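As the structure is a computational prediction, the values presented were derived from the model and not from experiment.
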Amino acid sequence: MNIVTLLPFIVLIGAMFLMTRSAKKKQAAAAQMRNDMQPGTGVRTIGGMYATVKEVHDDTVLLEVAPGVHAVYAKNSIGAVLDDEEYNRIVHGDDDLKVDGAVVPDDASSLTGDDDAKIDLVKKDEDEDAEPADTEDVAAKDAKDSKGGKADGEADAK
């Protein structure tokens with residue numbers, strides 16, 4: 001056989017090997033993370049629930065989901081083991097972030113320098129002094145458009 005005909009198959013097999021290798025590395029890292037869990041650490045389940053680890057068994061974990069409320073979960077349902085700072089920030093709302101640089105505001109209001117200039121986002125009527133006759137004309141146009149281009153009094157001439 002010619003090497004040119006085998007080249008696409010070699011490339012395909014190589015790509016499949018690289019994809020499965022990276023997936024196996026991710027699975028091994030997740031298993032190691034779950035095995036390194038200790039009682040008292042904060043975790044996030046794959047369902048997005050935050051809890052504290054109370055006991056670790058072979059295949060299960062006892063989690064405290066609220067003060068005095070315990071639930072047994074499979075070890076595979078733990079999505080991430082969080083460090084204490086991140087867990088307290090998310091669960092308890094502690095905003096004691098240690099920032100080395102400048103703090104960037106959430107909006108651009110502090111960048112404008114003019115605190116009195118506020119944007120009015122309320123929709124205003126175009127013409128509050130419109131006469132009632134205008135609304136009748138609009139209603140007649142709507143009726144004409146909905147009937148295929150004919151006004152109320154017009155009929156088909158066939």
If a pair satisfies salt bridge (Lys or Arg N to Asp or Glu O under 4.0 Å) and one of its residues is in residues 23-41, list it, with sequence neighbours excluded. none
Does anything in residues 41-57 pair up under salt bridge (Lys or Arg N to Asp or Glu O under 4.0 Å), and if so which pairs, sequence neighbours excluded? K54-E64
Using a side-chain heavy atom cutoff under 4.5 Å and only I, L, V, M, F, W and Y, what cluster partners does V122 have? none
If the condition is side chain to side chain contact (heavy atoms under 4.5 Å, CB included), which residues does V4 pass it with, not counting sequence neighbours? N2
Of all pairs that satisfy side chain to side chain donor-acceptor pair (under 3.5 Å), the ones with a partner from residues 10-23, not counting sequence neighbours: none
List, by chain and then residue number, the residues other than Y50 in its hydrophobic cluster (Ile/Leu/Val/Met/Phe/Trp/Tyr, side-chain heavy atoms under 4.5 Å); write none if there are no others. L82, Y87, I90, V91
dist I13:CD1 -> L6:CG (nearest 0.5 Å) comes out at 9.5 Å
If you link ILVMFWY side chains whenever their heavy atoms are less than 4.5 Å apart, which other residues fall into the same cluster as L18? By chain and number, please. F17
Drop me the distance from D58's CG to K75's NZ, to the nearest 0.5 angstrom. 7.0 Å
Which other residues belong to the hydrophobic cluster containing M49, where Ile, Leu, Val, Met, Phe, Trp and Tyr are joined when side-chain heavy atoms lie under 4.5 Å apart, directly or via other members? M33, M37, V43, V53, V56, V61, L63, V65, V69, Y73, I78, V81
Rounded distance [0.5 Å steps], OG1 in T5 versus CD1 in I10: 9.0 Å
